[in-house]
Amino acid sequence: MQWKAAGLTDTGQKRQSNEDAFFQDGAMGLFMVADGMGGHAAGEVASKMAVDITCQFVRDFLGEDGMKESNPEKIAEILTGAAQMANDHICNRSAEDARLKGMGTTLSGIFLQRNQGYLFHVGDSRVYRFRKGKLELLTRDHSWVNEQLRQNLITEEEARNHRWRNVITRALGHKGDLDVDTHLVDLEGGDLFLLCSDGLTGMVEDSEIANLLQRDGTDLDEICRALVDAANEAGGNDNITAVLANVED
Ligand code: CA
């Protein structure tokens, strides 16, 4: 199978800098979003390190075209190892440089190979699949509000506006072993994967995101632009990043 891709990041309306980072390589089949934290400079360093180190690790083990390995379990191990390697580097760097102390980042990615998609995910950035007009969230937010939500202790509406909505329970940059969610999804021609930071999903409802993705024949870059514009029009409280990967028929 083949895929087309596009990505866009934007500072938004309220922040001075953009601490999000993204990566997309259609030939390799690798797509990622990272949302850095720790204040100006530190967050930017963490998110960029996360995507750069993960990309390099995956290239080393899977080759430039991502085809060196075909065993699904092995590929999931490599993606987990890549995120853990990035985590170690971020922890070491923040221990060495006082200005970067406490920096961290989310990392959500998908690796497309043959007829499979391999998800890997830490934090509250998200991966969705849009198939036949339906938007499906494939990742689980590692956030305090989502844990409360899953236990039915708060409502969706409360979660959206909760003052602790930005507290995440898993991130790269926290010392110790990094637990990475991975899972396998099947691919169908026409599938559209959206990877995004919470600067999009915190401002724009899923139903509106689905409307914006439902644009047959529209260029992927234009759809990314429409998603970012929608988040900005809703207030643009945070940095906004959207990456799209479209499986061709
Ligand atoms: Ca964010």
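Hydrogens, waters and symmetry mates are skipped; everything else that's a heavy atom, side chains included, is used.
Residues Leu213 and Ile223 are in side-chain contact: their nearest non-hydrogen atoms beyond the backbone lie under 4.5 Å apart. Here the side chains of Leu135 and Ile209 are in contact, with some heavy-atom distance below 4.5 Å. Between Ile90 and Met103, some side-chain heavy-atom pair lies under the 4.5 Å cut-off. Counting only heavy atoms from C-beta outward, the side chains of Val204 and Glu233 never approach each other to under 4.5 Å.
Remark: the backbone N or O of Glu69 is paired with a side-chain donor or acceptor of Gln113 at under 3.5 angstrom. The main-chain N or O of Ser125 is never found under 3.5 Å from a side-chain atom of Asp35 such that the two would form a donor-acceptor pair. Between the side chain of Arg170 and the main chain of Asp179, a donor-acceptor pair closer than 3.5 Å is present. Checking side-chain atoms of His121 against main-chain N and O of Gly123 turns up a donor-acceptor pair under 3.5 Å.
Clustering ILVMFWY residues whenever any of their side-chain heavy atoms sit less than 4.5 angstrom apart, transitively, puts Tyr118 in a cluster other than the one holding Phe193. The cluster map of Ile, Leu, Val, Met, Phe, Trp and Tyr, joined by side-chain heavy atoms under 4.5 Å apart, puts Phe61 and Val180 in the same cluster. By the rule that hydrophobic residues join a cluster once side-chain heavy atoms approach within less than 4.5 Å of another member, Val185 and Leu62 end up as members of separate clusters. Residues Met85 and Leu107 fall within the same hydrophobic cluster, defined by Ile, Leu, Val, Met, Phe, Trp and Tyr side chains chained together at heavy-atom separations under 4.5 Å. Hydrophobic clustering of Ile, Leu, Val, Met, Phe, Trp and Tyr side chains at less than 4.5 Å, counting indirect connections, keeps Leu184 apart from Ile110.
Ion pairing between Asp229 and Arg225 holds under the 4.0 Å rule for side-chain N and carboxylate O. Taking 4.0 Å as the cut-off between side-chain N and carboxylate O, Asp141 and Arg165 do not count as a salt-bridged pair. A salt bridge is defined here as a Lys NZ or Arg NE, NH1 or NH2 lying under 4.0 Å from an Asp or Glu carboxylate O, and Arg215 with Glu222 fails to meet this definition. In summary, Asp238 and Arg15 engage in a salt bridge, as defined by a charged side-chain N under 4.0 Å from a carboxylate O. Using a 4.0 Å cut-off between charged side-chain N and carboxylate O, Glu157 and Arg160 make no salt bridge.
Ring geometry, Trp144 versus His162: the interplanar angle falls from 30° to 60°, so the pair is classed tilted.
Looking at every heavy atom in both residues, Phe23 comes nearest to Cys55 through CZ-SG, 3.4 Å. Between Asp60 and Lys68, the shortest heavy-atom distance links the atoms O-NZ, 3.4 Å. When all heavy atoms of Thr201 and Cys196 are compared, the pair lying nearest together is CG2-SG, 3.6 Å. Listed here is the closest heavy atom pair of Gly199 and Ile240: O-CG1, 3.7 Å. Between Ser108 and Val127, the closest heavy-atom pair is CB-CG2, 4.1 Å. In this structure, Leu227 and Leu200 approach most closely via the heavy-atom pair O-CD1, 3.5 Å.
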Q.
If you apply the rule side chain to side chain contact (heavy atoms under 4.5 Å, CB included), what do you find for Val122 with Leu172, and how did you get there?
A. CA-CA 7 Å; Val122 178; Leu172 281 72; 3.9 Å; yes

Q: Go through the steps for Asp186 and Arg129 under the test side chain to side chain contact (heavy atoms under 4.5 Å, CB included), then give the verdict.
A: CA-CA 11 Å; Asp186 67 304; Arg129 178 173 58 199; 3.5 Å; yes

Q: Could you walk me through whether Glu248 and Met1 pass the side chain to side chain contact (heavy atoms under 4.5 Å, CB included) test, one step at a time?
A: CA-CA 7 Å; Glu248 297 190 320; Met1 284 181 150; over 6 Å; no

Q.
One pair to check against salt bridge (charged side-chain N to carboxylate O under 4.0 Å, His left out): Lys74 and Glu77. What are the steps and the verdict?
A. CA-CA 5 Å; Lys74 201 82 196 143; Glu77 263 175 42; 3.7 Å; yes

Q | Derivation and outcome, side chain to side chain contact (heavy atoms under 4.5 Å, CB included), residues Val58 and Leu79 | A | CA-CA 7 Å; Val58 172; Leu79 295 168; 3.9 Å; yes

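With no hydrogens or angles considered, no side-chain donor-acceptor pair links Lys4 and Asn246 at under 3.5 Å. Side-chain contact of Gln84 with Asp88: a donor-acceptor pair under 3.5 Å is absent, judged by distance alone. Counting only N and O atoms by type, the side chains of His142 and Thr169 include no donor and acceptor under 3.5 Å apart. Checking Asn232 against Asp10 by side-chain atom types alone, a donor-acceptor pair falls below 3.5 Å. A donor-acceptor contact closer than 3.5 angstrom links the side chains of Asn18 and Thr9. Under 3.5 Å, the side chains of Asp20 and Thr241 contain a donor-acceptor pair of N or O atoms.
The NZ atom of Lys14 lies 4.0 Å from the CG atom of Asn237; values are rounded to the nearest 0.5 Å. Atom CH2 of Trp3 sits about 5.0 Å away from atom CG of Leu112, to the nearest 0.5 Å. Rounded to the nearest 0.5 angstrom, Thr80 OG1 and Ile75 CD1 are separated by 12.0 Å. Rounding to the nearest 0.5 Å places CZ of Phe22 at 11.5 Å from CE of Met32. Going from atom CZ of Arg59 over to atom CE of Met28 covers 5.0 Å, rounded to the nearest 0.5 Å. The OG atom of Ser94 sits 9.0 Å away from atom CE of Met49, with the distance rounded to the nearest 0.5 Å.
Results of the side chain to side chain contact (heavy atoms under 4.5 Å, CB included) test with Phe130 over Leu244, Asp191, Leu194, Leu192 single out Leu192 as the only residue that passes.
Counting heavy atoms of neighbouring residues, nucleotides and ligands inside a 6.0 Å radius, atom CD of Glu158 exceeds 12 of them. With a 6.0 Å radius and a threshold of 12 heavy atoms from other residues, nucleotides or ligands, Arg99 has its CZ atom at or below the threshold. Within 6.0 Å of the CG atom in Asp177, the count of heavy atoms belonging to other residues, nucleotides or ligands does not exceed 12.
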